[in-house]
Protein chains: 2
Amino acid sequence: MSAAEETPGVEDVPWGEVTPEAARRLLVAAVEAFAERGYHATTTRDIAGRAGMSPAALYIHYKTKEELLHRISRIGHDKALEILRAAADGDGPAAERLADAVRSFVRWHAERHTTARVVQYELDALGPEHRAEIVELRRESDATVRRIIDEGVAAGEFEVPDVSGTTVAVLSLCIDVSRWFNTQGRRTPDEVGALYADLVLRMVGAQK
Amino acid sequence: MSAAEETPGVEDVPWGEVTPEAARRLLVAAVEAFAERGYHATTTRDIAGRAGMSPAALYIHYKTKEELLHRISRIGHDKALEILRAAADGDGPAAERLADAVRSFVRWHAERHTTARVVQYELDALGPEHRAEIVELRRESDATVRRIIDEGVAAGEFEVPDVSGTTVAVLSLCIDVSRWFNTQGRRTPDEVGALYADLVLRMVGAQK
DNA sequence: AACGAGGGTGAGCAAGCGCTTAGATCCGGT
DNA sequence: ACCGGATCTAAGCGCTTGCTCACCCTCGTT
């Protein structure tokens with residue numbers, strides 16, 4: 001178990017960086033709606049309604065429905081990448097850093113699976129420029145995980161025949177948690193994180 | 001390597017079971033469109049256009065757009081389950097059967113990733129009864145994989161602390177191949193299948 | 001007291017949606 | 001030669017969509 005209790009600071013609220021307050025309410029409503037029904041099946045009226053506002057209010061804070069998705073996707077990817085980097089930049093052995101990365105990354109995808117579902121599975125609904133921007137962030141996530149595995153192999157901690165293939169598999173495994181994870185299910189985010197960290201260590205052939 | 005060569009029989013053509021020919025053309029067009037843009041972003045006019053027909057022609061062969069998705073989903077899930085069961089019902093050791101299952105399941109998800117993407121990720125667009133029917137098929141896929149792992153543990157071949165969690169992870173890993181796999185990418189479906197079979201054997205602690 | 005800027009609304013526009021209908025065309029059976 | 005069913009189309013109906021516009025309300029400032 002790692003340090004998880006903390007004083008409620010400035011940016012601990014999930015969408016604390018989004019202001020003003022009405023814009024945040026709209027964004028939170030959009031995340032819920034997109035996660036439940038998908039971007040294309042969600043109407044701007046539905047989003048505004050969930051936020052307790054008229055349909056026109058949405059366009060005071062966002063130019064288009066697509067801009068809303070982009071904001072969600074951007075903030076979510078930034079957060080995901082930050083989580084991976086925090087673990088990767090530790091100074092323990094590669095096995096420990098990889099386990100940390102998977103554990104916290106998976107925990108985030110489980111705990112905030114509504115957000116993660118939108119962030120990870122609605123990429124294609126973005127316009128070309130916005131999509132390109134997000135794809136670049138994903139490349140950095142990939143590079144971060146790959147680096148840990150590379151270092152583990154170099155240090156003789158891991159035994160991995162195909163580093164880039166294994167990297168893709170590890171990220172895919174973690175991301176897909178947001179698709180099947182259910183808050184009403186048997187497992188807590190912490191439990192899934194622990195299970196997945198163990199599975200990934202096995203995948204890279206780390207000795208226990 | 002398992003038996004995979006067979007004489008081109010009645011049902012080897014991907015959508016051979018769909019008749020008449022115009023209905024099949026529409027269904028194939030729908031698979032492509034749904035995979036590219038998602039169910040909700042696809043219009044009936046687009047589907048009919050890809051099949052070289054007028055929008056109204058669709059409704060001669062299918063009652064609604066949702067019925068098209070259901071037909072695709074049903075046939076796809078049947079095929080996926082059949083693949084898993086063929087491997088699970090083998091008579092070798094559990095490790096071999098698990099590797100076979102993952103290899104062929106992954107190969108299908110890579111080779112036919114357009115179909116698989118629709119089948120695996122557009123479940124929520126189905127109506128309640130159709131969704132329930134498909135969910136039941138997924139439960140059977142889960143049970144099939146779990147059985148192999150259970151038997152491997154019982155035989156002392158595997159070392160798995162959490163069988164149901166590992167089952168979910170294995171299936172999730174395989175299914176997500178259809179999301180990221182790209183025909184233009186570096187890897188062939190066979191290569192991904194082999195890589196994933198190896199990774200999964202590691203996940204269950206099979207001695208090599 | 002008057003102001004102006006920003007946040008909000010009700011009504012509604014143009015476009016596109018899933019789907020229907022009336023009628024044309026094809027074609028094997030008698 | 002004629003029929004009847006199956007297949008397909010042109011046109012379009014009723015509705016919803018993303019988004020806009022003219023207007024109103026609430027304030028801190030002067």
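To find a chain, count down the sequence lines: A is the first, B the second, and so on, and within it residues start at 1.
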Start at the 5' end of DNA chain C and walk down; is the nucleotide closest to B/His40 or to A/Ile60 reached first?
A/Ile60
Find which nucleotide of DNA chain C each of A/Met53 and A/Arg45 is nearest to by heavy atoms, and output the residue with the more 5' nucleotide.
A/Met53
Starting from [atom2] on [N], measure out to [atom1] on [X] and report it in whole angstrom.
X	N	atom1	atom2	answer
B/Lys65	C/dT20	NZ	C1'	17 Å
B/Glu67	C/dC19	CD	C1'	14 Å
A/Tyr62	C/dG8	OH	P	11 Å
A/Leu58	C/dG7	CG	P	14 Å

Salt bridge or not between [X] and [Y]? Use side-chain N to carboxylate O under 4.0 Å.
X	Y	value
B/Asp89	B/Arg147	yes
A/Asp46	A/Arg37	yes
A/Glu36	A/Arg50	yes
A/Glu82	A/Lys79	yes
A/Glu140	A/Arg85	yes
A/Arg146	A/Asp150	no

Which part of the nucleic acid does B/Ser54 contact within heavy-atom distance under 4.0 Å: base, sugar-phosphate only, or nothing?
base
Which two nucleotides bound the region of DNA chain D that has atoms under 4.0 Å from heavy atoms of chain B, read 5' to 3'?
D/dC8 to D/dG12
